[in-house]
**Q** 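This is the structure, below, for whatever I ask next.
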Amino acid sequence: MDLFNFMMLFILTAIIIAVVILFIRRANKSDEFYHKSVDMTFERLQLIVRDELSEMVKEDTFAGLDDAALNSALKIKGNIIKALKNCVYGIDSDKEIVINLIVQIIANHCPTDDDLQKIIKFGTDKIDVQVMFEILMYEYGKSEGRDALNVFIEKYKLAEPKYVIEDKTKPSYRIDADEIRQIYNSENIELTYNDKCNVLAILIFQKYKGFGCIDTIRASSVNGVNIGTSGSIIQFFGNRTHVAENSIWINYKGKQIHMAFLDMGTEEETRRIVQAISRWNSPGPLTEKRGYLVNTMYDKSRVLAVRPPMSEYWAVFIRKFELCPLTLHQLIYKDYITNWELAEY
């Protein structure tokens, strides 16, 4: 009987050990299975990025490190915390740090080009027009920096008046989705694996910590941006051709250009963008009682934010103070001036 009890105890102990090992292996591999799942989507990857960045901030297992290594680890953690805190204000340096962290997370869990293609169909017509625009700005930004949008507009003459409203009788300034698609197809952009990671990181950052679909154009050297200032707000009205969520305008050389291909999607996203833009320097919240807010951003851009019931819809006006110095030729050349070229010598 003692031998039987010993054998039963041995078997029970072995089963318990096996179960514990199984749970440990599952716990260690759960993230890997989760990330490498064939049904990976943009939304799931965004949640993964959010969770892992949160874990980076919470990480405090520095046991066993010497003083130099400990100080270095604490400094790195401090920089990450600072970047995550300040990137929401549109500060370029902190924004770049967070985007680079997101790139690393993407590379860890989508190690091949095929993994990225499952999330966004790069190189095909199946990608959204807003993604096409971000790819174009990413490519132009490599050489033009913050002037990428300006160079893009000038190259394709997108600031010329178009006759598409009021039965095609009135001129207006707008950039349509069809124009972006045609330009994207004509550019024949070939993205490397690293380029795709960077573009995907930019898109995730915009939804996570950035200013949504206007994040790129707000950071560019245009004269101003405003959203939520036009379009229908009646949700049950059928066949709406222009809705408030599709109201994104830029001020470019004195022209108000409707970025008709951009869309914030929902009122909730519009509200998030408006609140994020107006939060610098802790001015307090927008409330029903305090329906407007005048503030500045980190880069000294002037901000006017409004919300219902003071306004019909959530909206924000951003006036940027970009210096566009005129050349000597532009200053002195006039049709009515003769011998103007002498001043250039």
Side-chain angles (χ1 to χ4, degrees), residues 89-90 92 95 128-141 144-165 170-184 202-203 206 210-231 241-265 269-270 272-274 276-278 280 295-306 311 313-325:
Y89 303 125
D92 291 337
K95 177 179 173 181
D128 188 80
V129 65
Q130 295 182 194
V131 178
M132 291 181 179
F133 175 72
E134 291 298 335
I135 294 173
L136 288 166
M137 290 300 98
Y138 172 77
E139 283 295 306
Y140 276 75
E144 305 299 338
R146 296 177 68 250
D147 290 327
L149 181 57
N150 293 359
V151 173
F152 177 73
I153 290 175
E154 290 297 324
K155 179 179 178 180
Y156 290 101
K157 296 180 172 41
L158 298 176
E160 300 297 323
K162 299 181 177 66
Y163 289 85
V164 294
I165 63 172
K170 299 290 184 181
S172 62
Y173 298 96
R174 58 187 288 133
I175 303 176
D176 295 318
D178 289 340
E179 290 179 291
I180 297 298
R181 291 191 185 94
Q182 292 173 6
I183 293 171
Y184 177 80
I202 291 171
L203 294 170
Q206 291 177 354
F211 303 130
C213 63
I214 72 166
D215 195 83
T216 297
I217 61 176
R218 191 218 63 84
S220 66
S221 56
V222 294
N223 302 120
V225 184
N226 58 272
I227 65 174
T229 55
S230 63
T241 58
H242 180 199
V243 296
E245 294 86 359
N246 181 229
S247 173
I248 299 172
W249 300 74
I250 64 171
N251 188 326
Y252 177 76
K253 295 184 178 180
K255 302 173 182 177
Q256 289 289 338
I257 302 178
H258 182 202
M259 309 294 277
F261 63 93
L262 291 178
D263 196 320
M264 292 171 287
E269 175 68 0
T270 308
R272 184 190 73 82
I273 295 172
V274 171
I277 288 174
S278 57
W280 167 250
N295 196 19
T296 59
M297 301 190 71
Y298 173 79
D299 61 357
K300 307 305 179 185
S301 299
R302 186 177 298 168
V303 172
L304 169 61
V306 293
S311 62
Y313 197 70
W314 291 80
V316 68
F317 300 81
I318 305 174
R319 183 183 177 188
K320 306 186 71 176
F321 299 96
E322 296 289 338
L323 294 178
C324 301

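Everything quoted here is computed from the prediction, not taken from an experiment.
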**Q** I'd like to check the side chain to side chain contact (heavy atoms under 4.5 Å, CB included) partners of R272; sequence neighbours left out, ordered by chain and number.
**A** E269
**Q** By ring-ring contact (aromatic ring centres under 6.0 Å, His included), which residues pair with Y156, not counting sequence neighbours?
**A** F152
**Q** Under 3.5 Å, side chain of K320 to main-chain N/O of S221, donor-acceptor pair present?
**A** no
**Q** Mind checking what makes salt bridge (Lys or Arg N to Asp or Glu O under 4.0 Å) contact with K255, not counting sequence neighbours?
**A**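 Once residues adjacent in sequence are excluded, K255 has no partner under the salt bridge (Lys or Arg N to Asp or Glu O under 4.0 Å) criterion.
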**Q** Using a 4.5 Å cut-off on heavy atoms from C-beta on, say whether the side chain of K95 contacts that of D215.
**A** yes
**Q** Under the ring-ring contact (aromatic ring centres under 6.0 Å, His included) test, which residues partner Y89, sequence neighbours left out?
**A**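 Scan of Y89 (ring-ring contact (aromatic ring centres under 6.0 Å, His included), adjacent residues dropped) gives W280.
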**Q** Suppose we screen for salt bridge (Lys or Arg N to Asp or Glu O under 4.0 Å). Which residues come up paired with E144, at least two apart in sequence or across chains?
**A**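 Result, salt bridge (Lys or Arg N to Asp or Glu O under 4.0 Å) vs E144: none returned.
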**Q** Would you compute the distance between atom CD1 of I273 and atom OG of S278 and round it to the nearest 0.5 angstrom?
**A**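 I273 CD1 to S278 OG: 11.5 Å, rounded to 0.5 Å.
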**Q** Among R218, E245, M264, M259, which residue meets the side-chain contact (heavy atoms from CB on, under 4.5 Å) test with I227?
**A**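 Considering R218, E245, M264, M259, a side-chain contact (heavy atoms from CB on, under 4.5 Å) with I227 is found only for M264.
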**Q** Is there a side-chain contact between V303 and T296, using heavy atoms and a 4.5 Å cut-off?
**A**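 When only atoms from C-beta onward are counted, T296 and V303 do not touch, as no gap falls below 4.5 Å.
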**Q** Can you list everything that forms a side chain to side chain contact (heavy atoms under 4.5 Å, CB included) with E154? Sequence neighbours excluded, please.
**A** Y252, K253
**Q** Do the charged groups of K162 and D176 touch, with an N to O distance under 4.0 Å?
**A**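 Between D176 and K162 there is no salt bridge, as every charged N stays at least 4.0 Å from the carboxylate O atoms.
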**Q** List in chain and number order the residues that pass ring-ring contact (aromatic ring centres under 6.0 Å, His included) with F133, two or more places apart in sequence or in another chain; answer none if no residue qualifies.
**A**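 Testing F133 for ring-ring contact (aromatic ring centres under 6.0 Å, His included), a comparison that skips the adjacent residues, returns F261.
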**Q** By side chain to side chain contact (heavy atoms under 4.5 Å, CB included), which residues pair with Y184, not counting sequence neighbours?
**A**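 Result, side chain to side chain contact (heavy atoms under 4.5 Å, CB included) vs Y184: I127, M132, I135, L136.
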**Q** Please name all residues satisfying salt bridge (Lys or Arg N to Asp or Glu O under 4.0 Å) with K155, sequence neighbours left out, ordered by chain then number.
**A**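 K155: salt bridge (Lys or Arg N to Asp or Glu O under 4.0 Å) contacts with E187.
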**Q** D128: which residues meet the side chain to side chain contact (heavy atoms under 4.5 Å, CB included) condition with it, sequence neighbours left out?
**A** Q130, V131
**Q** Taking salt bridge (Lys or Arg N to Asp or Glu O under 4.0 Å) as the test, write out the residues that go with E134, two or more places apart.
**A**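 E134 satisfies salt bridge (Lys or Arg N to Asp or Glu O under 4.0 Å) with no other residue.
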**Q** Rounded to the nearest 0.5 Å, what separates atom CD1 in I217 from atom CD1 in I248?
**A** 6.0 Å
**Q** What pairs with W249 under ring-ring contact (aromatic ring centres under 6.0 Å, His included), at least two apart in sequence or on another chain?
**A**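 ring-ring contact (aromatic ring centres under 6.0 Å, His included) list for W249, sorted by chain: H258.
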